[in-house]
Amino acid sequence: MSDCIFCKIVNKEVPTNFIYEDEEIVAFNDINPQAPIHILVIPKKHISSLVELNKNDENLIGRIFGVINEIAKKEKIDKSGFRVIMNCGEDAGQEVKHLHFHILAGKKLGTKII
């Protein structure tokens with residue numbers, strides 16, 4: 001999708017230092033971090049949101065969670081803890097219409113959701 005900022009990042013049209021990259025997935029630091037560690041993990045394939053996933057995407061989603069696990073170990077947050085968030089739709093706070101997962105860590109995170 002030509003106007004999607006995450007697609008531009010994937011296509012290296014917007015300079016970004018990737019924390020992780022393979023043939024299907026990239027991860028990078030959020031430009032507006034909500035915690036000391038705030039990493040975004042996204043598929044290279046443009047998928048607008050969770051509701052756009054189909055049966056063919058099951059392996060990709062499983063791989064994304066494997067990458068999240070790998071990043072947690074690399075960042076040394078696997079023992080202390082981290083939060084994974086995925087917003088779906090405007091009311092949930094999804095600002096970029098490209099499926100993405102937030103990894104938040106580096107401090108004690110509150111339990112308040114709203």
Side-chain angles (χ1 to χ4, degrees):
M1 181 166 276
S2 63
D3 62 336
C4 172
I5 187 66
F6 286 173
C7 287
K8 290 179 181 179
I9 289 170
V10 165
N11 294 324
K12 299 185 173 133
E13 297 169 33
V14 174
T16 306
N17 293 321
F18 292 140
I19 292 169
Y20 177 90
E21 180 178 18
D22 67 23
E23 64 282 346
E24 295 183 296
I25 300 164
V26 296
F28 50 91
N29 287 309
D30 193 298
I31 61 168
N32 185 24
Q34 303 300 305
I37 296 172
H38 188 165
I39 298 168
L40 298 175
V41 181
I42 69 169
K44 287 184 174 182
K45 172 185 174 184
H46 183 85
I47 302 169
S48 296
S49 74
L50 175 70
V51 297
E52 298 297 321
L53 290 172
N54 62 52
K55 201 95 166 119
N56 296 327
D57 298 316
E58 289 176 357
N59 288 336
L60 174 62
I61 297 306
R63 289 200 59 249
I64 286 173
F65 278 96
V67 167
I68 290 170
N69 187 31
E70 187 177 321
I71 290 169
K73 290 175 182 171
K74 180 182 171 194
E75 297 291 323
K76 297 181 178 23
I77 57 174
D78 56 319
K79 303 283 191 262
S80 59
F82 59 97
R83 182 172 292 164
V84 178
I85 299 171
M86 193 268 313
N87 301 316
C88 183
E90 206 170 295
D91 284 354
Q94 183 181 6
E95 294 177 9
V96 178
K97 304 301 184 228
H98 186 121
L99 185 70
H100 58 284
F101 297 81
H102 301 258
I103 302 172
L104 300 168
K107 71 175 187 177
K108 183 91 168 162
L109 300 169
T111 57
K112 185 176 178 183
I113 295 176
I114 298 176

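Each residue takes its place number in the sequence, starting with 1. What you see is a predicted model; the values in this text were computed from it and never measured.
Taking CG of D30 as the reference point, atom CD1 of I103 lies at 11.5 Å (rounded to 0.5 Å). I37 CD1 to S80 OG: the interatomic distance, rounded to the nearest 0.5 Å, is 7.5 Å. The CG atom of N29 sits 5.5 Å away from the CD1 atom of I39 when rounded to the nearest 0.5 Å. Interatomic distance, Q94 CD to L50 CG, rounded to the nearest 0.5 Å: 9.0 Å. The distance from atom NE2 of H98 to atom OG of S49, rounded to the nearest 0.5 Å, is 11.5 Å.
Its side chain within the 4.5 Å cluster rule, L104 clusters with I85, L109 among the Ile, Leu, Val, Met, Phe, Trp and Tyr residues. Through ILVMFWY side-chain contacts below 4.5 Å, I31 is grouped with nothing and stands alone.
The stretch residues 63-90 participates, sequence neighbours left out, in these salt bridge (charged side-chain N to carboxylate O under 4.0 Å, His left out) pairs: D22-R63, E23-R63, E24-R63. Under the salt bridge (charged side-chain N to carboxylate O under 4.0 Å, His left out) criterion, the residue pairs touching residues 47-60 are K45-D57, K55-E58, with sequence neighbours excluded.
Applying the side-chain hydrogen bond (donor to acceptor under 3.5 Å, both in side chains) test to K12 and every residue at least two apart in sequence or in another chain returns E21. For Y20, there are no ring-ring contact (aromatic ring centres under 6.0 Å, His included) partners at least two apart in sequence or on another chain. Residues that satisfy the ring-ring contact (aromatic ring centres under 6.0 Å, His included) test with H100, not counting sequence neighbours, are F6, H102. Annotation: side-chain contact (heavy atoms from CB on, under 4.5 Å) contacts of N59 (sequence neighbours excluded): none.
Side chain of T16 to backbone of V14: a donor-acceptor contact under 3.5 angstrom is found. With hydrogens and angles disregarded, a donor-acceptor distance shorter than 3.5 Å links the side chain of N54 to the backbone of N56.
Pairing each heavy atom of G106 with each of P36, the nearest pair is O-CG, 3.5 Å.
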